[in-house]
Amino acid sequence: KHSENMIPDYATHSVGAGGFVYDDKTNKILVVKELDYQLFKLPGGAGDKGEDISEIACREVKEETNIDTEFQSLICFRELHNFRYGKTDFYYICLMKPLSYDIKYPTNEIADCQWMDVDEYRNEVAGKSKLNTFIADLAMKCIHNSIDSPNRALKKTEFTDIYSKTGKLRQYNVYHV
């Protein structure tokens, strides 16, 4: 006797990645300001079919900034329900090493791009995006190895924050060590 097939015949989730591109010589990170977003943010975007997380992050950073990067590690990922087309969106934040430094960005998508001091970035987003502030702090803890143990299980931190493109409050979950 056959049971009913419970596998959805359509995609239920979307995947994207962003790069925390950190230059340890200057203590600066690579940030972009999209045309429809008023704050600086980490470069990144949606994955293409068949891409690994590290490939998404490297490609998106290159597309938005012209900076070549090398994947170092996964910092965290965030989960957002009822995103585009009602899907759950998983967005991975990757620690990236810059391999080039000359910025050139597509003006049809990006309003500004720069190397920004980490503290300046944190001050830029503080009070405006709890999520981005938390991710910046978490990334710096990873960089400075101040997380207790790399073998710890992931924990979940919940945020209610404004989604930048609509101005509406959304519930985010961030999974991290």
Side-chain angles (χ1 to χ4, degrees), residues 14-49 51-80 83-84 87 89-143 159 161-170 172-176:
S14 61
V15 176
F20 192 93
V21 184
Y22 179 69
D23 180 6
D24 60 355
K25 295 174 189 76
T26 63
N27 196 45
K28 292 185 177 187
I29 60 172
L30 187 61
V31 295
V32 298
K33 187 182 287 188
E34 294 179 341
L35 292 176
D36 58 353
Y37 188 47
Q38 297 305 308
L39 291 177
F40 280 102
K41 68 176 206 65
L42 303 177
D48 290 334
K49 185 177 178 180
E51 277 186 309
D52 293 338
I53 301 302
S54 60
E55 292 171 331
I56 298 169
C58 287
R59 177 185 52 77
E60 283 289 337
V61 169
K62 179 71 173 179
E63 285 178 4
E64 294 183 1
T65 68
N66 198 45
I67 300 296
D68 294 308
T69 56
E70 180 180 282
F71 174 84
Q72 299 292 296
S73 66
L74 179 64
I75 295 170
C76 66
F77 72 94
R78 73 110 175 95
E79 174 182 55
L80 174 60
F83 192 55
R84 287 187 195 108
K87 294 181 183 181
D89 183 58
F90 291 112
Y91 196 82
Y92 296 81
I93 306 298
C94 305
L95 179 59
M96 314 288 287
K97 176 183 176 181
L99 301 178
S100 63
Y101 296 89
D102 293 327
I103 294 170
K104 183 178 179 186
Y105 56 89
T107 56
N108 64 327
E109 181 182 357
I110 305 296
D112 193 8
C113 178
Q114 61 182 269
W115 290 100
M116 184 180 284
D117 182 82
V118 173
D119 292 331
E120 183 183 348
Y121 173 73
R122 196 186 176 294
N123 291 337
E124 163 86 15
V125 299
K128 299 173 188 162
S129 173
K130 293 182 272 186
L131 178 67
N132 289 351
T133 303
F134 179 81
I135 289 171
D137 291 344
L138 185 60
M140 293 312 295
K141 287 179 184 176
C142 289
I143 288 166
F159 290 93
D161 204 0
I162 295 174
Y163 178 59
S164 59
K165 294 188 180 189
T166 63
K168 295 180 182 176
L169 283 176
R170 301 295 300 264
Y172 297 91
N173 299 318
V174 177
Y175 297 84
H176 58 94

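The shown structure was predicted, so the numbers you read here are calculated from the model rather than taken from an experiment.
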(request) Indicate yes or no: at least one non-hydrogen side-chain atom of Val174 is less than 4.5 angstrom from one of Phe134. (result) yes
(request) State, with a plain yes or no, whether a side-chain heavy atom of Lys62 is found less than 4.5 Å away from one of Asp68. (result) yes
(request) To the nearest 0.5 angstrom, please state how far the CG atom of Leu131 sits from the NZ atom of Lys41. (result) 11.5 Å
(message) Less than 4.5 Å apart, side chain to side chain, heavy atoms only: is that true for Val15 and Ile53?
(response) yes
(message) How close do Cys76 and Ile135 get, counting heavy atoms only, and between which atoms?
(response) SG-CG1, 4.1 Å
(message) I need the minimum non-hydrogen distance between Ser129 and Leu39, along with the two atoms involved.
(response) CB-CD1, 4.4 Å
(message) Looking at every heavy atom in both Gly18 and Ala57, which two are closest together, and how far apart are they?
(response) O-CB, 4.2 Å
(request) Specify the closest pair of heavy atoms between Phe40 and Val125, including all atoms of both residues, with the distance to one decimal. (result) O-CG1, 3.8 Å
(message) Does Asp102 have more than 12 heavy atoms from other residues, nucleotides or ligands lying within 6.0 Å of its CG?
(response) no
(request) To the nearest 0.5 angstrom, please state how far the CG atom of Asn132 sits from the OH atom of Tyr172. (result) 8.5 Å
(request) Supply the atom-to-atom distance Arg59 CZ to Glu51 CD, rounded to the nearest 0.5 angstrom. (result) 4.0 Å
(request) Return yes if some donor-acceptor pair links the side-chain N/O of Tyr91 with the main-chain N/O of Ala17 below 3.5 Å, else return no. (result) yes
(message) Is it the case that the side chain of Asp89 and the backbone of Phe83 share a donor-acceptor pair, with hydrogens and angles ignored and the cut-off at 3.5 Å?
(response) no
(request) Look at the aromatic rings of Tyr22 and Phe20 and report parallel, tilted or perpendicular, splitting at 30° and 60°. (result) parallel
(message) Can you confirm whether Ile29 sits close enough to Leu42 that some side-chain heavy atom of one is under 4.5 Å from a side-chain heavy atom of the other?
(response) yes
(request) Drop me the distance from Cys58's SG to Leu99's CG, to the nearest 0.5 angstrom. (result) 8.0 Å
(request) Looking only at non-hydrogen atoms, find the nearest pair between Gly16 and Ile56 and report the distance. (result) C-CG2, 4.3 Å
(message) In terms of relative ring orientation, are Tyr175 and Phe77 parallel, tilted or perpendicular, with 30° and 60° separating the classes?
(response) parallel
(message) To the closest 0.5 Å, what do you measure between CE (Met96) and OG (Ser54)?
(response) 7.5 Å
(request) Calculate, to the nearest 0.5 Å, the distance between atoms CG and CG belonging to Leu35 and Asn108 respectively. (result) 7.5 Å
(request) Kindly say whether Gly44 contributes a backbone atom to a donor-acceptor pair with the side chain of Glu64 at under 3.5 angstrom? (result) yes
(message) Between the side chains of Arg122 and Asp117, is the shortest nitrogen-to-carboxylate-oxygen separation below 4.0 Å, so that they form an ion pair?
(response) no
(message) Taking the side chain as everything from C-beta on, heavy atoms only, tell me whether Lys104 gets closer than 4.5 Å to Ile110.
(response) no
(request) Keeping the roles fixed (side chain from Trp115, backbone from Tyr101), state whether a donor-acceptor pair exists under 3.5 Å. (result) yes
(request) Work out which heavy atom in Val61 is nearest to a heavy atom in Thr69; give both atom names and the distance. (result) CG1-CG2, 3.7 Å
